[in-house]
S.K.: 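Take a look at this one; I'll ask things after.
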Amino acid sequence: MGALVKILTLSCLLALTLPTLAEVGWWKTAQFYQIYPRSFKDSDDDGVGDINGITQQLAYLKEIGITATWLSPIFTSPMADFGYDVANLTDIDPIFGTMEDFERLLARAKELDIKIILDFVPNHTSDECDWFIRSAAGEEEYKDFYVWHTGKVVNGIRQPPTNWIGVFRGSMWTWHEGRQAYYLHQFHAKQPDLNYRNPKVVEAMKDVLRFWLRKGAFGFRIDAVPHVYEVPADADGNWPDEPRNENSNDPEDYGYLQHIYTTDQPETIELVYAFREVIEEIDQELGGDDRILLTEAYSPLNILMQYYGNGTHLGSQIPFNFNLLANIGFDSDAYHYSELIHNWLDNMPEGQVANWVFGNHDQSRIGSRLGADRIDACNMIVLTLPGVSITYQGEEMGMTDVFISWEDTVDPQACQTNEEEFESHTRDPVRTPFQWSDEKNAGFSDAQSTWLPVGLDYKLVNVKRERGIALSHLNIYKQLRALRDEPTLKQGDVTVTAIGPNVLAFKRSLAGQKSYITVININDDVESINLDSVFTSISSQLQYVVVNDKSVRRKNDLTFANSVLLMPKEAVVLSTV
Ligand SMILES: *[C@@H]1O[C@H](CO)[C@@H](O)[C@H](O)[C@H]1NC(C)=O
Ligand SMILES: *[C@@H]1O[C@H](CO)[C@@H](O)[C@H](O)[C@H]1NC(C)=O
Ligand SMILES: CC(=O)N[C@H]1CO[C@H](CO)[C@@H](O)[C@@H]1O
């Protein structure tokens, strides 16, 4: 009897210190993976990836331990901006397949316990969207679905209502002959901005969310939310000009103006709260695992933190943390890494979950931006810090930017520039076909040619080959992923520090469990560090749990905590013994 009571007490204590996963919420420690569908897998050999291709390869996501994947847009689109110009928000573009294909993808994903997240593009629709066509025709219901203005007349010449410059260069306003008015577009002229100051638009967009959630999507990644609102018009229906940015001399360039009236308006956050209400509503309606919002915004930290919620209203569970992605450069030292990691952890509202991102479809790849010998280090940071990890397709095996000539360039952001400048604007190099194997087109497609050329390094950098190499990027990624099942990595605290300019280290710890210490030599000096003097309560000996190919040590080797030797660019995870 006495023994039983003791055991019960003990298990109660354990239950207190180790919440069960169900309480924690599936997404809080999840591995997310971004699929760029045009380039993941082509099932019908037209040279463009598609939904059936993703379905075929879902087992690969399982292999690398992905919990949820978000798909860049798959909706009906004239593809002026590769699907970020949506013509029908509730239908699938034929280039990617059919609604039945998507339903099969959802069914297969459910079998494999992988959640499908959709990209939601709220800032605009295509000019071929039925809503825009009706709005341009002045139909009562849709007349104010977009932002229209007749412009102003200066010296007898008609001009746009403001000086605003769009992200893709040139005026944000385009004249519409039919309606005899200008419409606003923050991006491409084929992407008219929706008018969110019209409640009907908000309702229509909420219905779009409901549609996909009821179909079985587990949430959305919301694109470019800072651009959703402009400042309200004054009583006469006019807007103010934006001030000059003295650093830029190119009057067509987005950087020419300070975008104080067209980005980060306070209403943007309220819209995210409104979308979250839909998520909660459908959770109530359908039950099951939580549905989630991820929001993409390159905004100042104090604004990003409001995306989480404000105390009375819930926001996005995962506001993308682009701190590392946007600020770490080739020459960044360990203090810089540490500071950026702290920025997020120290400013996050109580009870929220951090997330870590090093790549996406808009940014140069890790290996090209920071050097191929830092790929494992970055994956280690993303996978061993607390919270959610987010990986862009190909980063797990170390794909790098592929050179795309001006002739082959298709990204509208680059095509709108010229042969001299396109390279600093193009995003094609990070969107090339996924490298599955050393076969034709890297195993991506059997087509004669693919929509973007395949990387020249595909015979060396591909999934099939890397599976067979013990310390390939892919296998290190898988080991790091497996480590995330440890309670310490799931729920433990973190202490992050720079040990001098070259070494980043962080310790994860949880009462009664092993501690794990990630140690990264960012540069090319051999370093000898004393972890004993940096971290409290670690054992005098530590064990190597994950090593990269710069290490002279092997997995399971032991080292003294007070003298850990690091080779140039060595990145390891150690545990207490
Ligand atoms: C989108 O497509 C669906 C299915 O084809 C159709 O029922 C719906 O009317 C379309 N919506 C718009 C806004 O064009
Ligand atoms: C949170 O935001 C909502 C919506 O904007 C607002 O109504 C509410 O007052 C805010 N709450 C706090 C505590 O600021
Ligand atoms: C619909 C929309 O706004 N699309 C744009 C939103 O922002 C992204 C930038 O990330 C553009 O690429 C999209 O075209």
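For this chain, numbers begin at 1 and follow the sequence in order. Just follow the structure's listing: the first ligand is 1, and inside any ligand the first atom is 1. The model shown is predicted, which means the values in this text are computed figures rather than measured ones.
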S.K.: Counting only heavy atoms on the protein side, is anything nearer than 4.0 Å to atom 7 (O) of ligand 1?
M.R.: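 Under the 4.0 Å cut-off, atom 7 (O) of ligand 1 has no protein heavy-atom neighbours at all.
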S.K.: Could R38 and F82 be counted as a cation-pi pair, given that NZ or CZ must be under 6.0 Å from the ring centre and within 45° of the axis?
M.R.: no
S.K.: Looking at CZ of R291 and CD1 of I117, how far apart are the two atoms once the value is rounded to the nearest 0.5 Å?
M.R.: 10.5 Å
S.K.: Taking atom CD as the centre, does E285 end up with more than 12 heavy-atom neighbours from other residues, nucleotides or ligands that are less than 6.0 angstrom away?
M.R.: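 Atom CD in E285 is crowded, with more than 12 foreign heavy atoms closer than 6.0 Å.
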S.K.: Please report which non-hydrogen protein atom sits nearest to atom 5 (O) of ligand 2, along with the residue it belongs to and the distance in Å to one decimal place.
M.R.: E270 CG, 2.9 Å
S.K.: With respect to atom 4 (C) of ligand 1, which of I133, D91, T76, I92 exhibits the smallest heavy-atom separation?
M.R.: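 When every heavy atom of I133, D91, T76, I92 is considered, D91 comes closest to atom 4 (C) of ligand 1.
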S.K.: Check ligand 2 against Y273 and write out every atom of the ligand that is under 4.0 Å from a heavy-atom position of the residue.
M.R.: 2 (O)
S.K.: When you look at T67 and W26, which way does the side chain to side chain donor-acceptor pair (under 3.5 Å) test go after all the steps?
M.R.: CA-CA 9 Å; T67 332; W26 70 268; over 6 Å; no
S.K.: Take Q186 and E230, measure what side chain to side chain donor-acceptor pair (under 3.5 Å) needs, and give me the verdict at the end.
M.R.: CA-CA 10 Å; Q186 292 223 14; E230 296 74 39; 3.0 Å; yes
S.K.: Which of these, V272, I269, L314, N310, has its nearest heavy atom closest to atom 11 (N) of ligand 2?
M.R.: N310
S.K.: Below 4.0 angstrom from a heavy atom of W131, which ligand 1 atoms are there? Numbered from 1 as shown, please.
M.R.: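 Going through ligand 1 atom by atom, the ones under 4.0 Å from W131 are 13 (C).
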S.K.: When you compare ligand 1 with N88, is there at least one nitrogen or oxygen pair between them that comes in under 3.5 angstrom?
M.R.: yes
S.K.: Checking a contact table here: which protein heavy atom is nearest atom 9 (O) of ligand 2, and how many Å away?
M.R.: T312 OG1, 4.5 Å
S.K.: Report yes if the distance between the aromatic ring centroids of W148 and F132 is under 6.0 Å, otherwise no.
M.R.: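 Under 6.0 Å, so yes.
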